[in-house]
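This report concerns only the one structure given below.
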Amino acid sequence: MTVLFDLVLCALMLLAALAAIGGRGLFRATVFFVAYGITVALAWVRLGAIDVALAEAAIGAGLTGLLLLGAVARLRRAGAPEFPVRAGLVPALAAAGVAGATGWVALRVPGAGGLWTEAGEALPLSGVENPVTAVLLNFRAWDTLLESIVLLAALLAVWALAREEEWEAPVGPPLHARPGGVLEGMARLLPPVGIVVGVFLVWAGASQPGGAFQGGTVLAAVGLIAALAGLVALPRPDSGSWRTALAAGPAVFLLVGASGLALGGLLLFPPDWAKAMILTVEVFLTLSIAATLALLVLGPPQPRRMP
Amino acid sequence: MTGWLLFAAAAILLTLGGAFWRVWQGPGEADRMMAAQLVGTGGVGVAMLLAPVISWHALDVAIVLALLAAFAAVGFVKASSPDGAGDPEEAEPSEGEEGQ
Amino acid sequence: MSAIALPDVLTIVLTGLGLLFFLAGTVGLLRFPDTFSRLHALTKADNVGLGLVALGVALQAETWGQLARIALVWVLALVAAGLVAQLVARAALVDRRLRG
Amino acid sequence: MTGEVALAVLLLGPLLAALGCLLAGRQGSTVALLALIAGAAAVVVLWDGMLRTGPIEVRLGGWGAPLGIVLRADGLAVGFLAAAVVVMGAVWAVARHDFATPRARDVFWPSSMLLWGALNAIMVSRDLFNLYVGLELLTLTAVAMVALGRGPGAIEAALRYVLYALMGSLVYLLGVVLVYHGHGTLDLDRIAAGRSGADALALGLMTAGLAIKTALFPFHAWLPPAHAGAPSPASALLSALVPKAGFVMLVRLWFEAMPDATPPAALAVMAALGAGAILHGGLMALRQERLKQILAYSTVAQLGYLFVMFPLVGGAGAGTAGAAEAWAGTQIGAFSHALAKAAVFLCAALWIRAIGSDRLADLAGLARAMPLSCFAFGMAAVSLMGLPPSGGFIAKYLVMRASFELGLPGWGLVLAAGGLLAAAYFYRPLAALFAREPPRVQRTPRLLEAVPLALALAAAALGVLSQPAYDLLQAGAPAYARGIGP
């Protein structure tokens, strides 16, 4: 039965991917991309990688869909011609060749088995019980620290797209909805639930799947729903409080990492304090990830008068 | 039990194949969007069915999927409003002859 | 051949019924003639389907936390589907191009 | 411990400074200056410590490989850390005047600090995935800087850059996956200790990805529009420093992690691509009408020089004195290119401020009005052509001598051809600058003109002080390049 399930899931995943790149029309491609994100999240569940599935569900099926649909609409309003989203034969063959070769070699060459044993032995010293969190926030904290800053760099790149005279404007398009309408009702209903779910994912991340990234993404998503209904005012890129929110997570992470120097080594989390240190980092990181992702989706500042 | 749950999950996935066809075929963008919505609901169902088999934490994935199921659709209705930032309820139906 | 416990039988029956609703929803999505009736088929069918699947999985749950999550998933899916159907239908009503 | 603190200053310092710049807004450049001063001191401490005790190793979080990440500041790393801090400092001095508007200021200062931090992180990392993360950060900040340029051309260049770079990242990451599958570790030294049947494909994929990021011919199409379209002080960072990160990663992969997976034919292919870059970049530079485009194509060509090293250091000559010379020559070449290329781009920045254009025709006669910067440009051009006295000359001399010693004179001749091309494409801007025409310019402070001059003099000094650079590069160099008999 497992084989049947796997076959159907893989077929769907491939179909969604091919339809997203092989068909005509940006809108259809985008919808297939959302469907693809859902199937990939399910594949991660099937593989037991719940942490990744959570991230994929929130990013792949959630935020990216919103971002791409907005882009499609913007292109249309700008009068851009509907260019064919048709991957050329050569890149398609090249991609298939690379994927095929990688798969073939990976199946043929015996695997070295990863680092499960080492991670299991070190887990009691890491301060948390979820091995994924131990890897992300302790064993390989330097990677995660850099990754959290990568998000910020991406936001800077998005903001760089604004024109000089637009820097005074709030980010994103001017969002509004009918007062008391369905959209506004939804925007009042979902965020409280989403905040509970997001906070739960962060809090639970120490012992079970979840964590700052997953929780932060959910918080960003429900925040965006509120923003889409015009319930929250969008910030300007030079807003001090928002910049503090963007910087807080990486800053706390950096300071905690540097404080390790006093405790015996860079990015060192002594076992007795590790849990407190990691949770502190995660709380601030969640805030920053949520703020950064939400601002990334909203885009650069835009003038309030539409052309 | 495991066998049945996996079978049921595979069967739901197969019905999603039908939704894929509707996304491909359209004809309207509303059709494509609603079919994607079905893929989302189906995905929630599959994640729930996998929970007893793989890990009960799969329910958290189902929650996130369900919570954000509406997300793409909200983006869609926003994007299809006149200024790309509004809400279809703010506008009057223009040609409602078949929609009443 | 061991006897199957009652909860397992119920799970199979409920999820099986849920499957039928998913199937019905997909058939509706594929066969109904216009955008609005397709919308209608979909939201009704897949929500009942999802509800039945949720009930079936709930019988396998081991803790109250799991039960609560299953309930949350279903409620979220119901709310999302209702709101989305409303919004998309409204958008299609305002702008007939979306109907194709 | 001192070394660990110095490394912490160089790794965490720029990142903290970037956050500080984001919060400080108007005071961004001050925050950046403080970080640069601290960074310069840290480089001195590291350099000194390394010469006394050898490469400095830090096991982050106390874990060590394979579970954790190991950092190591060896000669190669410290050399690039030093080059980076010098170039950053010079760019700071010019950028402080150029990025005055709120948007430019608010994006440039955090981005430049992040770029510096990412570069430092890559230079000292010994972990394939950590290198990937560092490269992502570097690329995104570089893209942000390109997007800061004016006009739709800049956005198009940034978009093209992003698409190329993402493709490179994914292909590299696929290779990393294969390595982890085969070796069960991501640590460079542990990978070198074992072997896996997946090594050849993994190395091929990672090389392809990094070749895109390094703009190695024929994957260079993104570079000229990006480097020519970015604001000039940013171009200096992009051209002088950013592609070197991918190059250092390639060197670490080919000569440190997987020396056994590289047959002579593959080494020759890398050098052949380098030769292609030298010829193509040089010929294209000859045909450009705008100074910044000439400089961008010159970067394509100069990056090609770095790859000529591959068959000289690996292959038959591995472990001989010739290999050690080719190794040191190439790295000195990379340092002197960083200094000289930053110098010429900063000249371009000053001139664009003064006359509002970088067309060769508009530069005519500028040497009368801005003699210092024009002299700096000339000095830097001498180094980029590989004429004495300069780091560029020593670099080329060492690599050419190695190619003759090892019986592979063809590669040496390619370098000579590249030098002739460089002389040809630099002749045009130089001729324009020193033409007898009355220039009309806005006044530029002399002190600003001294900034590129300092860089150009540093590039020249590398030629005179090549022995310390050579000693530095021998510290922790792979056995291939240590000049010990096989």
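In what follows, chains carry the letters A, B, and so on, assigned in the order in which the sequence lines appear, proteins first and then strands, with residues in each chain numbered from 1.
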Quiz prompt | Which of A:Gly114, A:Ala258, A:Ala248, A:Gly260 touches chain D most, by non-hydrogen pairs under 4.5 Å | solution = A:Gly114

Self-check item: Geometric class of the D:His227/D:Trp222 ring pair [parallel <30°, tilted 30-60°, perpendicular >60°]
Solution: perpendicular

Practice problem: Work out which heavy atom in D:Tyr161 is nearest to a heavy atom in D:Ala142; give both atom names and the distance. | Solution: OH-CB, 3.4 Å

Quiz item: Using a cut-off of under 4.5 Å for heavy-atom pairs, which of D:Thr141, D:Leu16, D:Ile155, D:Asp106 has the most such pairs with chain A?
Solution: D:Asp106

Quiz item: Going by distance alone, is a donor N or O of one side chain under 3.5 Å from an acceptor N or O of the other, for A:Ser126 and A:Lys275?
Solution: no

Exercise. Counting only heavy atoms closer than 4.5 Å, note whether D:His181 contacts chain A via side chain, backbone, both or neither.
Key: both

Quiz item: Any chance CH2 of A:Trp44 has more than 12 other-residue heavy atoms, nucleotides or ligands included, within less than 6.0 Å?
Solution: no

Quiz prompt | Test: A:Arg140 and D:Asp127 ion pair at under 4.0 Å | solution = yes

Quiz item: Can you find a heavy atom in the side chain of A:Val128 that is under 4.5 Å from one in the side chain of A:Glu282?
Solution: no

Quiz prompt | Contact origin within D:Leu12 toward chain A - heavy atom pairs under 4.5 Å | solution = both

Quiz item: Among D:Leu19, D:Leu137, D:Leu205, D:Asn130, which residue forms the greatest number of heavy-atom pairs with chain A at distances under 4.5 Å?
Solution: D:Asn130

Quiz item: Heavy-atom distance under 4.5 Å to chain A: side chain of D:Leu138, backbone, both or neither?
Solution: neither

Quiz item: Hey, does the Lys NZ or Arg CZ of D:Arg59 hover above the aromatic six-ring of D:Trp63, less than 6.0 Å from the centre and inside 45° of the axis?
Solution: no

Self-check item: Atom group of D:Leu115 that falls short of 4.5 Å from chain A, counting heavy atoms
Solution: neither

Self-check item: Winner by heavy-atom pair count (cut-off under 4.5 Å) against chain D, out of A:Asn138, A:Asp238, A:Leu155, A:Val135
Solution: A:Asn138

Practice problem: Would you mind checking which part of D:Leu60 comes under 4.5 Å of any heavy atom in chain A, side chain (CB onward), backbone (N, CA, C, O), both or neither? | Solution: both

Self-check item: Heavy-atom pairs under 4.5 Å with chain A, option from D:Val133, D:Leu140, D:Leu148 with the top count
Solution: D:Val133

Quiz item: Of the backbone (N, CA, C, O) and the side chain (C-beta and beyond), which part of D:Phe129 lies under 4.5 Å from a heavy atom of chain A, both, or neither?
Solution: both

Exercise. Just give me the residue among A:Leu267, A:Leu115, A:Leu152 that pairs up with chain D most often, heavy atom to heavy atom, under 4.5 Å.
Key: A:Leu115

Quiz item: So which of A:Glu166, A:Glu164, A:Glu118 has the biggest tally of heavy-atom pairs under 4.5 Å with chain D?
Solution: A:Glu164

Quiz item: Non-hydrogen atoms of chain D under 4.5 Å away: do they reach the side chain of A:Leu255, the backbone, both or neither?
Solution: side chain

Quiz item: Any side-chain heavy-atom pair from A:Leu285 and A:Phe253 closer than 4.5 angstrom?
Solution: yes

Quiz prompt | D:Phe99 atom CZ, neighbour heavy-atom count above 12 within 6.0 Å | solution = yes

Exercise. Sort D:Leu186 into side chain, backbone, both or neither according to what part of it lies under 4.5 angstrom from a heavy atom of chain A.
Key: side chain

Quiz item: Would the number of heavy atoms belonging to other residues, nucleotides or ligands and lying under 6.0 Å from OH of D:Tyr132 be above 12?
Solution: yes

Self-check item: Heavy-atom pairs under 4.5 Å with chain A, option from D:Leu114, D:Val58, D:Thr101, D:Val143 with the top count
Solution: D:Thr101

Exercise. Would you mind telling me which of D:Val171, D:Leu71, D:Val107, D:Leu67 has the largest number of heavy-atom pairs within less than 4.5 Å of chain A?
Key: D:Leu67

Quiz item: Can you say whether A:Ala141 sits under 4.5 Å from chain D via the side chain, the backbone, both, or neither, judging by heavy atoms?
Solution: neither

Practice problem: Assess whether atom CD of D:Glu156 is packed by more than 12 heavy atoms of other residues, nucleotides or ligands within 6.0 Å. | Solution: no

Quiz prompt | Which atoms of D:Leu15 approach chain A - backbone, side chain, both or neither, heavy atom under 4.5 Å | solution = both

Practice problem: Specify which of A:Gly257, A:Pro301, A:Ala157 makes the most heavy-atom pairs with chain D at under 4.5 Å. | Solution: A:Ala157

Practice problem: May I ask you to name which of A:Thr244, A:Leu266, A:Leu151 has the most heavy-atom pairs under 4.5 Å with chain D? | Solution: A:Leu266

Exercise. Name the option with the most non-hydrogen atom pairs under 4.5 Å to chain A; the candidates are D:Gly182, D:Gly68, D:Pro102.
Key: D:Pro102

Quiz item: Where does A:Pro110 contact chain D at under 4.5 Å (heavy atoms): side chain, backbone, both or neither?
Solution: backbone

Quiz item: Does some side-chain heavy atom of A:Glu129 sit less than 4.5 Å from a side-chain heavy atom of A:Leu123?
Solution: no

Quiz item: Hey, are the side chains of D:Val179 and D:Met206 touching, using non-hydrogen atoms and a 4.5 Å cut-off?
Solution: yes

Self-check item: Over 12 foreign heavy atoms within 6.0 Å of CZ, D:Phe219
Solution: yes

